[in-house]
Amino acid sequence: MTPDLFVNVDHIATLRQARRGLSPCPLQAAKIVLEAGAKGITVHLREDRRHIQDRDVLALIQAHPQQITLEMAPTAEMLGIALKLKPKQVTLVPELRRELTTESGLNLLAQTEELKAHTARLREAGIGVSLFLDPDPRQLELLSVIEPTAVELHTGKFASDFEKPEAREKALLELSVAGKLIQDHKLKLNAGHGLDALNLPALLGSVEGIAELHIGFALVARAVFVGLREATQETLRSMTAVEVTL
Ligand code: PXP
């Protein structure tokens, strides 16, 4: 079965925050990608609010209550926000203030009790809980303790090694073994990070049973080039439609 595409609209908000205005609006982006066939929207509300703002998460959940995945660090502040806004799914991710993007999966071994408590609180509120994990068997051993509803496998290593055949095959094998283990636990299997139209066929050819793909940067970057011609022509057309008002 083809996985559901969840489009991460953080980078639309990154562009908006460059001018601190209203445009481009992540809610409008969500409408377009859902109309185009995506099944859901993903946003990461970071502690430093560098892109997505609290008001974006609220507006997205109000407009699409069954389709929003909220990525967040397992902190008391974020737990409070999630319990108030009740997205359909939360993906717990590690967060380093100075990182450019999420660099690795969670360390379940170091945070077992904290993550177990967070997961339980979110699940009691009816929110699905996905853990963002590297395909590391030592981490996956703790799934039966923490009891999430899903795991999102971090595909960043596969994506960055995509051009190196040996390293790519190794990464794919690790992902496929981890994917089977996750499904043996009867958990939903999600995947994301660094994915694009070039590397997706290899991933989906090797890792079976992926339910959701969470994709952001490459899709938004591609949209810039797919749309630049039309934006230029639209501007040129507006220059020939001069209105004399004085
Ligand atoms: N999944 C998670 C948990 C992430 O943190 C990110 C990055 O925000 C993504 C998916 C999307 O990754 P990318 O922007 O590289 O497609």
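A quick note: this is a predicted structure, and the numbers were derived from the prediction, not measured. Note that ligands are numbered from 1 as they come in the structure, with each ligand's atoms numbered from 1 the same way. Computed over heavy atoms, backbone and side chain alike; hydrogens, waters and symmetry mates excluded.
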Protein heavy-atom partner closest to atom 16 (O) of ligand 1 - residue, atom, separation in Å: Gly216 N, 2.8 Å
Give every donor-acceptor pair under 3.5 Å between a side-chain atom in residues 61-71 and any protein atom, sequence neighbours left out.
residue, atom, partner, partner atom, Å
Gln66, OE1, Lys88, NZ, 3.4
Gln67, NE2, Lys39, O, 3.2
Thr69, OG1, Gln89, NE2, 3.0

For the pair Asn8 (side chain) and His214 (backbone), establish whether a donor and an acceptor sit closer than 3.5 Å, ignoring hydrogens and angles. no
Run the numbers for me: atoms of ligand 1, each under 4.0 Å from some heavy atom of Val93, listed by number. 3 (C)
Looking only at protein heavy atoms, identify the closest one to atom 8 (O) of ligand 1 and say how far it is in Å. Asn8 ND2, 3.5 Å
If we only consider heavy atoms of Gly194, is any one of them less than 4.0 Å away from an atom in ligand 1? yes
Using residues 156-163 as the side-chain source, report each donor-acceptor pair under 3.5 Å to any protein atom, sequence neighbours left out, with the distance given to one decimal.
residue, atom, partner, partner atom, Å
Lys157, NZ, Asp161, OD2, 2.9
Ser160, OG, Gly156, O, 3.1
Ser160, OG, Lys157, O, 3.2
Asp161, OD1, Lys164, NZ, 3.2

What residue and atom, counting heavy atoms only, is the protein's closest point to atom 12 (O) of ligand 1, and at what distance? His193 CA, 3.4 Å
Can Lys170 and Glu174 be counted as an ion pair, charged N to O under 4.0 angstrom? yes
Show the atoms of ligand 1 that are less than 4.0 angstrom away from any heavy atom in Ile215. 16 (O)
Is there a donor-acceptor contact under 3.5 Å from the side chain of Thr91 to the main chain of Leu131? no
Could you check whether any side-chain N or O of Arg123 sits under 3.5 Å from a backbone N or O of Glu147, counting only pairs where one atom can act as donor and the other as acceptor? yes
Identify whether the distance between the nearest side-chain nitrogen and carboxylate oxygen of Asp54 and Arg49 falls below 4.0 Å. yes
Considering non-hydrogen atoms of the protein only, which is the closest contact for atom 11 (C) of ligand 1, and what is the distance? His214 O, 3.8 Å
Would the distance check show the side chain of Glu152 and the main-chain N or O of Asn190 forming a donor-acceptor pair, the cut-off being under 3.5 Å? no
Considering only the protein, which heavy-atom contact is closest to atom 5 (O) of ligand 1, and what is its distance? Thr102 OG1, 2.8 Å
What part of Glu152, side chain, backbone, both or neither, has a heavy atom within less than 4.0 angstrom of ligand 1? side chain
Region of Phe132 engaging ligand 1 - heavy atom pairs below 4.0 Å: side chain
Nearest neighbour in protein (non-hydrogen) for atom 14 (O) of ligand 1: Phe217 N, 2.8 Å
Please report which non-hydrogen protein atom sits nearest to atom 2 (C) of ligand 1, along with the residue it belongs to and the distance in Å to one decimal place. Glu71 OE2, 3.0 Å
